Novice: 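Please find one structure pasted underneath; my questions will follow.
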Amino acid sequence: MTSETDATLLWRPTQARAQATRLAAFMNANGHAEYSQLWRWSVQHPDQFWPAVARFCGAIGQLGATVQIGGERMLSTRWFPQGRLNYAENLLRRRDDTDAVVFWGEDKVKRRISHAELYTAVSRCIGALKAAGVGPGDRVAGYLPNLPETLIAMLATASLGAIWSSASPDFGTQGVLDRFGQIEPKVLICVDGYWYNGKASDCLAKNAEVAAKMPSVRSTLVVPYLDPAPDISAIAHSRLWPDALAAQKEVPIDFAQVPFDHPLFILFSSGTTGVPKCIVHGHGGVLLQHLKEHQLHCDLREGDRLFYFTTCGWMMWNWLMTGLASGATLLLYDGSPFAGGGGVLFDYAQAERMTHFGTSAKFIDAASKQGLHPGRTHRLDALRTLLSTGSPLAPEGFDWVYREVKSDLLLASISGGTDIVSCFVLGNPILPVYRGEIQCRALGLAVDVFDEDGRPVRGEKGELVCTRPFPSMPIGFWNDPDGKKYEAAYFQRFDNVWCHGDFAEITAHDGVIIYGRSDATLNPGGVRIGTAEIYRQVEKLPEVVESLVIGQDWPPGRHDDVRIVLFVKLRAGAMLDAALIDRIKRRIRENTTPRHVPAKVVDVPDIPRTRSGKIVELAVRNVVHNQPVKNAEALANPEALQWFRDRPELAD
């Protein structure tokens, strides 16, 4: 795959544009002329780098004189042990009448909230939470869409030193209980319903069941979205959000000054292999990491307008919210990204002069296959950066963005995870963009690629690792007092090295290609193949909407070898006949290797995915091998699994 991507330069910033970036200013301030030099300094001298980030990016709080202790072992490292700060104070630094938040709910609702109005709402929400007995360390759970109220509730929670956790309202009851039931929230904040693709979904019955089955909940606040006065009488300890806030006075916020690693967020793993892990992140680590990513890697500046298409069950929501700390206006959207004929997100970009457009690789692929031409149909002159994550962005996705969106644009493919609520590899406003490659390794993170024996490799595929500690490592897992679950999740493969579980390659440009998850890597004949290598080829064919590939134990009952099975979802009217199967196999063989060619190609009407849009190879592999899928509630469309069970094509 490297040969397909390593020669094609798609974009390079002009010297004037590069020199005007926040990253260039940071480099000049710290005496570094090249990004590679800056990156080496950032990982070799964290005691200098992270305080420099805090100063340059304007972090509010006291970090103290000591940067880290216990740094010999990643798991025992503690950052800024003398530090005291508050994440929410950094996001609520402005009190003026300019836009803090703009919200679009499909084509149904549009709202604007100023910085002054946001501060007032947070102050009143703090009063409501205090009335429910919330204090430092207590949990507040949001079962909510990407609404302004969700941001307000999170900021109020963080201001108190309490812990925020959220899930989107499309989760079923059991999926929510699997998450929130573990952390025992004192307050539940939910919504009466939401819109998706023009259809209203009522949530009141689900809210009532969730509240009834969580005895820790003392108060349930219901946000009206579909109906200004919904009937909430069946929901235990319930009160309407507007009434709860109206009952409180606006007072100056007394931001709790908490330790650097005081718990801020509890995020959840996807839960497709069992009950979701509860990953705890701290005030200081989240703040510094996001300030660094926003200002240095994304060139986010005061007055910019930041958008990311995300739900509240995905870490990109938390990432988006921190944009307020850099002075950006947040552009929030809830609903289908293809509402109103497919162009609603680009309508939003034009109407609000969006500077940073964040989305998924799957959205880019779908927009391409739908034949959208936003560069021709919309005015996107304010747009400087387009970000993509969720799954590897295929080279053709890069082509589409530069051809159909904008030619003078930073396309920042990024990759990290819920585990670090940030990125290991991401964009860079002063470096060129090469087709199919993520631009660089993140500042302050000693990212490498190891072979099977734990040796660094270049131009070869291996395990994405991080060899030194960094501030946004989780504080730990909830209900894991001895840290064994945390250690097992990241440190079992290599001693004292974070193994992230991505199959990756560092290229000749010092960029990165992600080939898929390591646990989904195929091993036919003992040769490791990343699933993304196959997807990139198959999904170039116009007949194929989407694909999913697994390794099937073969012969049956044997576990020492696999054959590759490719499932394809076809566009309407297409048929998987012998000719199309031959074209698929030939395409893969000619552009990868003969070992990549699937033994079987099977059509399915839908591909199962998590609620953040990631396809679930492991769940499908379990179904094919008649093994249980431990937590189908974690899937956005669990009914799709039925199309993979007992397929006669896989019996011979």
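All values derive from a computational prediction rather than experimental measurement.
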Novice: Identify the two heavy atoms, one from Ala132 and one from Lys186, that lie closest to each other, and give their separation to 0.1 Å.
Specialist: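 It is O-CD, 3.7 Å.
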Novice: Starting from the C-alpha separation in whole Å, work towards a yes-or-no answer on side-chain hydrogen bond (donor to acceptor under 3.5 Å, both in side chains) for Gln289 and Ser422.
Specialist: CA-CA 7 Å; Gln289 182 78 324; Ser422 56; 3.0 Å; yes
Novice: Test side-chain contact (heavy atoms from CB on, under 4.5 Å) on Ser391 and Lys362 and set out the steps.
Specialist: CA-CA 7 Å; Ser391 58; Lys362 289 299 179 186; 4.1 Å; yes
Novice: With rounding to the nearest 0.5 Å, note down the distance linking CG in Asp243 to CG in Leu240.
Specialist: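 One finds 5.0 Å between CG of Asp243 and CG of Leu240.
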Novice: Measure from the side-chain N and O atoms of Arg93 to the backbone N and O of Asn90, and report whether any donor-acceptor pair falls under 3.5 Å.
Specialist: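 Indeed, once roles are kept as given, a pair shorter than 3.5 Å links the two residues.
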Novice: ring-ring contact (aromatic ring centres under 6.0 Å, His included) between Trp104 and Tyr348: does it pass, once the steps are laid out?
Specialist: CA-CA 8 Å; Trp104 282 24; Tyr348 199 0; 4.3 Å; yes
Novice: Side-chain donor-acceptor pair under 3.5 Å between Ser123 and Glu250, yes or no?
Specialist: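 There is no such pair between these side chains.
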Novice: Any side-chain heavy atom of Leu331 within less than 4.5 Å of one from Leu306?
Specialist: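 A side-chain contact under 4.5 Å is absent here.
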Novice: Are there over 12 heavy-atom neighbours, none belonging to Arg94, within less than 6.0 Å of that residue's CZ?
Specialist: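 For Arg94, atom CZ is crowded (more than 12 foreign heavy atoms under 6.0 Å).
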Novice: If the plane angle is over 60° it's perpendicular, under 30° parallel, otherwise tilted; pick one for Tyr486 and Tyr490.
Specialist: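 Taking Tyr490 first and then Tyr486, their aromatic rings stand perpendicular (interplane angle over 60°).
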Novice: Please check if the side chain of Arg468 supplies one atom and the backbone of Ala446 the other of a donor-acceptor pair under 3.5 Å.
Specialist: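 No, because the side chain of Arg468 does not come within donor-acceptor range (under 3.5 Å) of the backbone of Ala446.
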Novice: Give me the one residue out of His290, Arg301, Arg22 that meets side chain to side chain donor-acceptor pair (under 3.5 Å) with Gln295.
Specialist: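 Option passing the side chain to side chain donor-acceptor pair (under 3.5 Å) with Gln295: Arg22.
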Novice: Step by step, would you call Lys213 with Glu209 a salt bridge (charged side-chain N to carboxylate O under 4.0 Å, His left out)?
Specialist: CA-CA 6 Å; Lys213 290 183 176 180; Glu209 186 177 355; 2.9 Å; yes
Novice: Rounded to the nearest 0.5 Å, how far does CD1 of Ile152 lie from CG of Leu245?
Specialist: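 One finds 7.5 Å between CG of Leu245 and CD1 of Ile152.
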Novice: In sequence, state the C-alpha distance, the side-chain angles, and the governing distance for Asn207 and Val210, and then conclude on side-chain contact (heavy atoms from CB on, under 4.5 Å).
Specialist: CA-CA 5 Å; Asn207 295 337; Val210 168; 5.9 Å; no
Novice: Got a salt bridge between Glu352 and Arg112, using NZ or NE/NH1/NH2 to carboxylate O under 4.0 Å?
Specialist: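 Yes, this pair counts.
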Novice: Under the 3.5 angstrom rule, does the side chain of Arg84 hit a backbone N or O of Gln82 as a donor-acceptor pair?
Specialist: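 Pair absent, no side-chain N/O of Arg84 close to backbone of Gln82.
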Novice: Quick check: do Phe260 and Leu85 have side-chain heavy atoms less than 4.5 Å from each other?
Specialist: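 A side-chain contact exists here, since the closest heavy-atom pair is under 4.5 Å.
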Novice: Can any side-chain N or O of His283 pair as donor or acceptor with the backbone N or O of Tyr87 at less than 3.5 Å?
Specialist: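 Indeed, once roles are kept as given, a pair shorter than 3.5 Å links the two residues.
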Novice: Taking all non-hydrogen atoms of both residues into account, name the closest pair between Gly70 and Ser76 and its distance.
Specialist: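 That closest heavy-atom pairing would be O-OG, 3.1 Å.
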Novice: Within the structure provided, determine whether Val140 and Ile189 are in side-chain contact (heavy-atom separation under 4.5 Å).
Specialist: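 In contact.
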Novice: Could you check whether Trp50 and Phe470 have their ring centres less than 6.0 Å apart?
Specialist: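 Aromatic pair excluded; centres sit 6.0 Å or further apart.
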Novice: Name the orientation class of the two ring planes belonging to Tyr333 and Phe309 (parallel below 30°, tilted from 30 to 60°, perpendicular beyond 60°).
Specialist: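 Taking Phe309 first and then Tyr333, their aromatic rings sit tilted (interplane angle of 30° to 60°).
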Novice: Please give me the minimum heavy-atom distance between Glu106 and Gly198, naming the atom from each residue.
Specialist: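 Residues Glu106 and Gly198, closest heavy atoms: OE1-N, 2.8 Å.
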Novice: Return the CD1 to CD1 distance between Ile475 and Ile279, rounded to the nearest 0.5 Å.
Specialist: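 Result: 12.0 Å between the selected atoms.
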Novice: How about Trp317 and Leu267: do any of their side-chain heavy atoms sit closer than 4.5 Å?
Specialist: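 No, side chains not in contact.
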Novice: Could you report the tightest heavy-atom contact between Leu320 and Leu332, atom names first, then the distance?
Specialist: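 So the minimum-distance heavy-atom pair works out to CD2-CD2, 3.9 Å.
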Novice: Side-chain contact test, heavy atoms from C-beta onward, threshold under 4.5 Å: evaluate it for Phe171 versus Lys206 and give yes or no.
Specialist: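 Answer no - side chains too far apart.
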Novice: Can you find a heavy atom in the side chain of Ile414 that is under 4.5 Å from one in the side chain of Phe424?
Specialist: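 Not touching, per the 4.5 Å side-chain cut-off.
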Novice: Take atom CG of Asp227 as the centre, draw a 6.0 Å sphere, and report whether it contains more than 12 heavy atoms from other residues, nucleotides or ligands.
Specialist: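 Correct, the count exceeds 12.
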Novice: Going by heavy atoms in the side chains, are Pro185 and Ser216 under 4.5 Å from each other?
Specialist: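 Result yes, sub-4.5 Å side-chain heavy-atom pair found.
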Novice: Answer yes or no: is there a donor N or O on one side and an acceptor on the other, between the side chain of Ser168 and the main chain of Gly313, under 3.5 Å?
Specialist: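 No, Ser168 side chain to Gly313 backbone: no donor-acceptor pair under 3.5 Å.
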Novice: How about Pro145 and Trp195: do any of their side-chain heavy atoms sit closer than 4.5 Å?
Specialist: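 Sidechains of Trp195 and Pro145: no contact.
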Novice: Atom CG in Asp304, atom CG in Asp299: separation rounded to 0.5 Å?
Specialist: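 Reported value, rounded in 0.5 Å steps: 7.5 Å.
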Novice: Going by an N to O cut-off under 4.0 Å, is there a salt bridge joining Lys277 and Asp419?
Specialist: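 Looking at Asp419 together with Lys277, the answer is no, because their closest N to O distance does not fall below 4.0 Å.
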Novice: Salt-bridged, Arg111 to Glu149, with N to O below 4.0 Å?
Specialist: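 Yes, Arg111 and Glu149 are salt-bridged.
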Novice: How are the rings of Phe338 and Phe363 set to each other: parallel, tilted or perpendicular (split at 30° and 60°)?
Specialist: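 Parallel: the ring planes of Phe338 and Phe363 meet at under 30°.
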Novice: Please check if the side chain of Thr418 supplies one atom and the backbone of Val421 the other of a donor-acceptor pair under 3.5 Å.
Specialist: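 Side chain of Thr418 to backbone of Val421: no pair is present.
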Novice: What closest approach, in Å, do Leu118 and Ile113 show between heavy atoms, and which atom pair accounts for it?
Specialist: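 Minimum heavy-atom contact is N-CG2, 3.7 Å.
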Novice: Just by modelled atom types, is the Asn146 backbone N or O under 3.5 Å from a matching donor or acceptor in the Thr150 side chain?
Specialist: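 Not confirmed, Thr150 side chain does not pair with Asn146 backbone.
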Novice: Evaluate the side-chain hydrogen bond (donor to acceptor under 3.5 Å, both in side chains) criterion for residues Gln174 and Asp178: first the C-alpha distance (whole Å), next the side-chain angles of each, then the deciding distance (0.1 Å), finally the verdict.
Specialist: CA-CA 6 Å; Gln174 191 56 50; Asp178 285 346; 2.8 Å; yes
Novice: Looking only at heavy atoms, which two atoms of Gln68 and Pro469 are closest? And how far apart?
Specialist: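 For Gln68 versus Pro469, the nearest heavy atoms are NE2-CG, 4.2 Å.
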Novice: Mind telling me whether Tyr143 and Phe180 have parallel, tilted or perpendicular rings, with 30° and 60° as the class edges?
Specialist: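 Plane angle over 60°, so perpendicular.
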Novice: Has Ser166 got a side-chain atom pairing as donor or acceptor with Cys312's backbone, closer than 3.5 angstrom?
Specialist: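 Yes, the answer is positive, given that a donor and an acceptor are paired below the 3.5 Å cut-off.
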Novice: Please report the interatomic distance CD(Gln248) to CG(Leu129), rounded to the nearest 0.5 Å.
Specialist: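 So the CD of Gln248 and the CG of Leu129 are separated by 9.0 Å.
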Novice: Does the side-chain contact (heavy atoms from CB on, under 4.5 Å) test come out yes or no for Phe103 and Val109, once each step is laid out?
Specialist: CA-CA 8 Å; Phe103 171 73; Val109 180; 4.1 Å; yes
Novice: Between Glu117 (side chain) and Ser114 (backbone), is there a donor-acceptor pair under 3.5 Å?
Specialist: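 Between the backbone of Ser114 and the side chain of Glu117 there is a qualifying donor-acceptor contact (under 3.5 Å).
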Novice: Decide yes or no on side-chain contact (heavy atoms from CB on, under 4.5 Å) for Asp334 and Tyr194, but give the supporting numbers first.
Specialist: CA-CA 8 Å; Asp334 191 73; Tyr194 62 93; 4.3 Å; yes
Novice: To the nearest 0.5 Å, how far apart are OG in Ser326 and NE2 in His294?
Specialist: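 Spacing of OG (Ser326) from NE2 (His294) equals 6.5 Å.
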Novice: Using a 6.0 Å cut-off, check whether atom CD of Gln62 has over 12 heavy atoms from anything other than its own residue.
Specialist: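 It does not: Gln62 CD has 12 such atoms or fewer within range.
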Novice: Can you tell me if Asp192 uses its side chain to pair, donor with acceptor, with the backbone of Leu226 under 3.5 Å?
Specialist: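 At least one qualifying donor-acceptor pair exists.
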